[in-house]
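Keep in mind that what you see is a predicted model, and the values were worked out from it rather than measured. Residue numbers begin at 1 in each chain, while the letters A, B, ... track the order of the sequences.
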2 protein chains.
Amino acid sequence: MTLPERTVERLSEYRRSLLQCLEEGKTHIFSHELAGLHHNTAVQVRRDIMFIGYTSMQRKGYDVRELIDVIGDILDSGKGLNVAVIGIGNLGRAVTTYFVGKRSKLNIIATFDVDTTKIDRVISGVKCYPINRMKEIVEANNISIAIVTVPADSAAEVTAQLVEAGIMGLMNFTTVPLNVPDEVYLDEYDMITSLEKVAYFVKSPRN
Amino acid sequence: MTLPERTVERLSEYRRSLLQCLEEGKTHIFSHELAGLHHNTAVQVRRDIMFIGYTSMQRKGYDVRELIDVIGDILDSGKGLNVAVIGIGNLGRAVTTYFVGKRSKLNIIATFDVDTTKIDRVISGVKCYPINRMKEIVEANNISIAIVTVPADSAAEVTAQLVEAGIMGLMNFTTVPLNVPDEVYLDEYDMITSLEKVAYFVKSPRN
DNA sequence: TGGAAATTGTGATTTAATTAACAATATTTT
DNA sequence: AAAATATTGTTAATTAAATCACAATTTCCA
């Protein structure tokens with residue numbers, strides 16, 4: 001059984017709020033509290049939690065620690081995955097420092113760039129390799145996810161190489177859509193689109 | 001009439017592909033061609049274009065230049081908007097350089113940071129101001145959209161100040177959800193969530 | 001010229017996601 | 001211990017988004 005995409009997203013978000021709660025010494029949380037921390041309703045929270053088959057102590061709310069673990073069983077299930085960041089411009093560096101150490105099951109273990117002055121530089125503990133060694137290093141280190149932050153005009157080529165190297169998941173931060181075979185999961189995030197959307201809805205009175 | 005959110009996103013993406021087509025000297029484009037450039041079907045493209053009320057020359061495809069203009073009428077309608085980037089770390093710099101000069105109707109005209117060593121620095125032609133002058137500068141320059149790239153622990157405070165200063169749209173790149181009044185449009189993008197989602201779908205065979 | 005082929009525009013249908021509604025259960029109050 | 005209250009879990013209803021199906025139109029080709 002595969003969870004709805006949006007549910008997966010929300011679970012990831014819930015988990016982080018829950019970890020925060022745990023730090024603050026909170027042991028139980030109600031659906032409406034968790035909803036309040038996100039832009040969300042209590043029903044939605046309960047529905048999401050229903051999907052992962054966890055049930056609370058009736059009337060006491062969800063056990064924070066247990067819920068974190070159950071979400072972990074879903075999101076981190078099985079072995080951890082190795083991740084590479086392709087392109088170490090501002091965005092690549094941002095993404096790398098963002099992620100390193102954050103989630104133990106997702107390890108950024110290499111970055112790549114064409115710029116020879118960046119080779120062997122270490123960003124947040126992760127070493128930068130020349131992009132022409134990508135296939136070799138991806139294969140040797142069993143890297144299954146790549147985060148693509150290269151300039152638009154090299155995105156297609158880099159992607160082809162990554163697919164060739166056997167990557168299974170891709171996050172695309174460039175401004176061009178990428179093409180990958182069906183079996184590769186692709187998540188595209190386009191900042192320009194997001195900004196234009198914000199501008200549109202700022203101007204158009206929504207409902 | 002307000003367009004569906006997803007349609008607005010796709011229109012933004014279509015426009016960029018169309019501009020590219022124009023550069024390549026293409027004057028007409030079929031719905032299936034445009035679909036092929038995105039992860040999309042021909043019907044979806046036609047439906048989106050139907051929403052904005054444009055109709056093509058039957059059987060010749062859409063006139064690229066006209067379609068660009070019609071999308072522009074929707075997305076850029078009326079006056080341009082002024083934008084500020086809050087927090088000039090790696091991500092803030094990435095976003096700023098990304099956007100500057102890209103879309104003429106959305107002008108990044110200021111960046112802000114707490115770090116005094118960054119004050120007065122110019123990133124891609126945009127000057128950095130101390131964050132305590134935010135309200136003053138936002139008001140004086142009629143800035144209506146803010147892109148928030150500050151560290152998680154200052155996000156809430158910065159947001160409150162932005163709302164106070166009369167901002168109307170917000171893009172949140174921090175890892176904590178923000179709270180804004182209903183009349184402020186909020187778009188949240190959470191990289192950690194996206195990465196965890198990719199990891200989940202890489203492991204779970206989808207459909 | 002007439003039929004085959006290609007393409008659009010759109011009503012109807014399907015699917016996915018969200019929300020409403022409420023029974024079941026546990027807790028608190030009186 | 002009965003009644004009132006709060007909360008969950010889930011079925012049913014609604015809404016939003018995507019897809020199907022096809023008539024209408026234009027172009028192409030024999």
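Contacts between residues 4-22 of chain B and DNA chain D, counted as heavy-atom distances below 4.0 Å, involve B:Pro4, B:Arg6, B:Arg10.
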Solution key, residues 141-155 of chain B side-chain donor-acceptor pairs under 3.5 Å, sequence neighbours excluded:
{"from": "B:Thr149", "atom 1": "OG1", "to": "B:Ile86", "atom 2": "O", "distance (Å)": "3.1"}
{"from": "B:Thr149", "atom 1": "OG1", "to": "B:Gly87", "atom 2": "O", "distance (Å)": "2.6"}
{"from": "B:Ser154", "atom 1": "OG", "to": "B:Pro151", "atom 2": "O", "distance (Å)": "3.3"}

Can you give the donor-acceptor pairs under 3.5 Å from side chains of residues 163-174 of chain B to other protein atoms, not counting sequence neighbours?
{"from": "B:Asn172", "atom 1": "OD1", "to": "B:Thr174", "atom 2": "N", "distance (Å)": "2.9"}
{"from": "B:Asn172", "atom 1": "OD1", "to": "B:Thr174", "atom 2": "OG1", "distance (Å)": "2.7"}
{"from": "B:Asn172", "atom 1": "ND2", "to": "B:Val176", "atom 2": "O", "distance (Å)": "2.8"}
{"from": "B:Asn172", "atom 1": "ND2", "to": "B:Glu188", "atom 2": "OE1", "distance (Å)": "2.5"}
{"from": "B:Thr174", "atom 1": "OG1", "to": "B:Val176", "atom 2": "N", "distance (Å)": "3.4"}
{"from": "B:Thr174", "atom 1": "OG1", "to": "B:Val176", "atom 2": "O", "distance (Å)": "3.2"}

Per-pair distances, 0.1 Å, donor-acceptor, side chain in residues 70-80 of chain B, under 3.5 Å, sequence neighbours excluded:
{"from": "B:Asp76", "atom 1": "OD1", "to": "B:Arg15", "atom 2": "NH2", "distance (Å)": "3.3"}
{"from": "B:Asp76", "atom 1": "OD2", "to": "B:Arg15", "atom 2": "NH1", "distance (Å)": "2.9"}

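As rounded to whole Å, 11 Å separates atom C1' of D:dT10 from atom CZ of A:Phe51. Protein atom NE2 of B:His28 is 11 Å distant from nucleotide atom P of D:dT27, rounded to whole Å.
Where the helix from C:dT1-D:dA30 to C:dT30-D:dA1 starts and where it ends, the local axes point in directions that differ by 0°; five pairs per end, rounded to 10°.
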Q. Step by step, would you call A:Ile68 with A:Leu19 a side chain to side chain contact (heavy atoms under 4.5 Å, CB included)?
A. CA-CA 7 Å; A:Ile68 290 169; A:Leu19 286 164; 3.8 Å; yes
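Of all heavy-atom pairs spanning B:Phe112 and B:Met134, the tightest one is CE2-CA, 3.6 Å. Taking each heavy atom of A:Cys128 and A:Ile88 in turn, the nearest pair found is SG-CG1, 4.3 Å.
B:Arg133 is linked by a salt bridge (charged side-chain N to carboxylate O under 4.0 Å, His left out) to B:Glu136, counting only residues two or more places apart in sequence or in another chain. Taking A:Glu157 as the reference, nothing meets the salt bridge (charged side-chain N to carboxylate O under 4.0 Å, His left out) condition, with sequence neighbours excluded. Residues meeting the salt bridge (charged side-chain N to carboxylate O under 4.0 Å, His left out) test with A:Glu5, sequence neighbours left out: B:Lys197. In terms of the side-chain contact (heavy atoms from CB on, under 4.5 Å) criterion, residue partners of B:Glu139 (sequence neighbours excluded) are, by chain and number, B:Lys135.
Taking the six-membered ring where tryptophan is involved, the planes of A:Phe201 and B:Tyr185 are essentially parallel, since the angle between them stays under 30° and well short of 60°.
Along DNA chain C, the stretch of nucleotides lying under 4.0 Å from any heavy atom of chain B spans, 5' to 3', C:dA5 to C:dA12.
Pairs engaging residues 82-99 of chain B under the side-chain hydrogen bond (donor to acceptor under 3.5 Å, both in side chains) rule: A:Asn90-B:Arg93, A:Arg93-B:Asn90, B:Asn90-B:Arg93 [sequence neighbours left out].
A donor-acceptor pair shorter than 3.5 Å can be found between the side chains of A:Thr193 and B:Arg16.
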Between protein and nucleic acid, restricted to nucleotides 5-8 of chain D and to nitrogen or oxygen atoms under 3.5 Å apart, what atom pairs and distances do you find?
{"from": "D:dT5", "atom 1": "O2", "to": "A:Arg59", "atom 2": "NH1", "distance (Å)": "3.3"}
{"from": "D:dA6", "atom 1": "O4'", "to": "A:Arg59", "atom 2": "NH1", "distance (Å)": "3.0"}
{"from": "D:dT8", "atom 1": "OP1", "to": "A:Ser31", "atom 2": "N", "distance (Å)": "2.9"}
{"from": "D:dT8", "atom 1": "OP2", "to": "A:Ser31", "atom 2": "OG", "distance (Å)": "2.5"}
{"from": "D:dT8", "atom 1": "O4'", "to": "A:Gln58", "atom 2": "OE1", "distance (Å)": "3.4"}
{"from": "D:dT8", "atom 1": "O3'", "to": "A:Ser56", "atom 2": "OG", "distance (Å)": "3.3"}

